[in-house]
Amino acid sequence: MQNKEKSLKDQYIEIQQKAFIREVNEEVRNEKAILFWNKYKYYIISIIVIVLAITISKNVYESNKIKTGVKQAEIFERIISNPSVSTTGKILELKDFANNAKYGYRDIAYFNIYSMQIEEKDIPSAIETLKTIISKATDSTFKDLAILKLATLNFAQSDITEETKTEIIKLLSKISASKPFYFSAQYVLGVIYISQNNPNLAKTTFDRIVENEKAPIGIKSQSLNMLNFIKSQTAK
């Protein structure tokens with residue numbers, strides 16, 4: 001209605017004014033963008049370069065990891081499955097392989113060395129291998145498994161020293177509740193406390209397992225049996 005009341009000249013002028021305002025606003029925005037770019041361009045470029053570098057590096061890393069993993073799997077399989085090499089020879093080859101192995105293959109190699117040493121009844125060497133895994137494991141799960149094996153292997157020896165017992169208890173106690181072998185570690189601790197004639201501490205440990213709903217059924221059942229054993233012993 002208002003446009004109809006205005007002359008064509010006024011309408012034209014109004015349209016041009018609006019167009020001019022839009023152009024000015026565009027120019028202002030462009031100018032601000034240019035000023036912003038001039039001020040921060042080196043930072044922006046640096047960020048882009050860093051992001052690209054990280055992306056490229058990650059892709060290269062993953063590609064190399066896959067290639068390395070395949071190569072190491074082939075070497076490991078060749079060592080393990082070679083029928084012409086003795087157990088002692090395989091142990092030597094696995095030790096050499098473990099020196100440069102990556103992505104968990106070093107831990108796997110050492111565990112196989114440990115198993116072969118057990119087969120050869122070389123207990124001192126097997127114990128040293130487990131200590132090596134504990135000190136050099138690439139993953140905490142491998143380390144915890146080695147601690148469990150070290151505990152059971154050492155306590156099976158009649159000549160175990162008090163110093164060794166204390167060290168093993170300390171290692172087992174450090175396996176946190178969030179770890180896969182936590183309940184196994186607690187169970188072994190309970191058994192150790194019984195062997196040390198400490199029924200109260202053993203009961204506390206087994207109770208901790210039985211009362212935890214996350215504990216595996218097998219370990220919980222064995223813990224109940226140990227609690228009944230403690231009860232029968234203390235009742236005498």
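Along the sequence shown, the residues carry numbers beginning at 1.
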task = Rounded to the nearest 0.5 Å, what's the gap from OG1 on Thr166 to CG on Leu171? Could you check?
result = 11.0 Å
ask   = Donor-acceptor pair, Gln157 side chain versus Leu153 backbone, under 3.5 Å?
value = yes
note = Applying side chain to side chain donor-acceptor pair (under 3.5 Å) to Thr129 and not counting sequence neighbours gives Gln117
key: With sequence neighbours excluded, residues passing side chain to side chain donor-acceptor pair (under 3.5 Å) with Lys71   = none
message = Any non-hydrogen side-chain atom of Met116 less than 4.5 Å from a side-chain atom of Leu94?
response = yes
query = What distance separates Leu150 CG from Ile134 CD1, expressed to the nearest 0.5 Å?
reply = 4.5 Å
inquiry  = Measuring from atom CD1 of Ile168 to atom OG of Ser173, what distance do you get when rounded to the nearest 0.5 angstrom?
reply    = 11.5 Å
task = Mind checking the OG1-CD1 spacing from Thr164 to Ile169? Nearest 0.5 Å is all I need.
result = 11.0 Å
ask   = Relative to the ring of Phe97, is the ring of Phe76 parallel (under 30°), tilted (30 to 60°) or perpendicular (over 60°)?
value = tilted
remark   = Residues passing the side chain to side chain donor-acceptor pair (under 3.5 Å) test with Ser125, sequence neighbours excluded, are Asp122
remark   = When every non-hydrogen atom of Ile118 is compared with those of Ala126, the smallest separation belongs to CD1-CB, 3.8 Å
Pairs under 3.5 angstrom only: tabulate donor-acceptor contacts from the side chains of residues 190-202 to other protein residues two or more places apart or in another chain.
| unit_1 | atom_1 | unit_2 | atom_2 | d |
| --- | --- | --- | --- | --- |
| Ser195 | OG | Ile192 | O | 2.5 |
| Asn198 | OD1 | Leu201 | N | 3.3 |

In residues 207-217, what donor-acceptor pairs under 3.5 Å come from side-chain atoms, sequence neighbours left out?
| unit_1 | atom_1 | unit_2 | atom_2 | d |
| --- | --- | --- | --- | --- |
| Asp207 | OD2 | Lys203 | NZ | 2.8 |
| Arg208 | NH1 | Gln186 | OE1 | 2.5 |
| Asn212 | OD1 | Lys214 | N | 2.9 |

Distance-only criterion, 3.5 Å: show the donor-acceptor pairs between side-chain atoms of residues 82-92 and protein atoms not counting sequence neighbours.
| unit_1 | atom_1 | unit_2 | atom_2 | d |
| --- | --- | --- | --- | --- |
| Asn82 | OD1 | Ser84 | N | 3.1 |
| Asn82 | OD1 | Ser84 | OG | 2.6 |
| Ser86 | OG | Gly89 | N | 3.1 |
| Lys90 | NZ | Ile80 | O | 2.9 |
| Lys90 | NZ | Asn82 | O | 3.4 |

task = Tell me, please, which residues at least two apart from Tyr110 pass ring-ring contact (aromatic ring centres under 6.0 Å, His included).
result = none
Partner set under side-chain contact (heavy atoms from CB on, under 4.5 Å) for Ala137, not counting sequence neighbours = Asp107, Ile133, Phe142, Lys143
note = Residue set satisfying side-chain contact (heavy atoms from CB on, under 4.5 Å) with Lys170, at least two apart, ordered chain then number -> Glu167, Lys174
message = Taking ring-ring contact (aromatic ring centres under 6.0 Å, His included) as the definition, give me every residue that meets it alongside Tyr114, ordered by chain and number, with sequence neighbours left out.
response = none
key: By side chain to side chain donor-acceptor pair (under 3.5 Å) - contacts of Glu93 (at least two apart)   = none
Donor-acceptor list for residues 175-185 side chains, cut-off 3.5 Å, not counting sequence neighbours:
| unit_1 | atom_1 | unit_2 | atom_2 | d |
| --- | --- | --- | --- | --- |
| Ser176 | OG | Ser178 | OG | 3.1 |
| Lys179 | NZ | Ser140 | OG | 3.1 |

task = Begin with the C-alpha distance, continue with both residues' side-chain angles, and end with the deciding distance and a verdict on side chain to side chain contact (heavy atoms under 4.5 Å, CB included) for Ile108 and Asn112.
result = CA-CA 6 Å; Ile108 294 170; Asn112 275 270; 3.6 Å; yes
key: Spatial distance of atom NZ (Lys121) from atom CD1 (Ile123) [nearest 0.5 Å]   = 8.0 Å
key: Any Phe111 side-chain heavy atom under 4.5 Å of Lys149 side chain   = yes
message = Nearest 0.5 Å, please: how far is CG in Leu145 from CG in Asp139?
response = 10.5 Å
query = For the residue pair Tyr187 and Ser223, what are the closest heavy atoms and their distance?
reply = CD1-OG, 3.7 Å
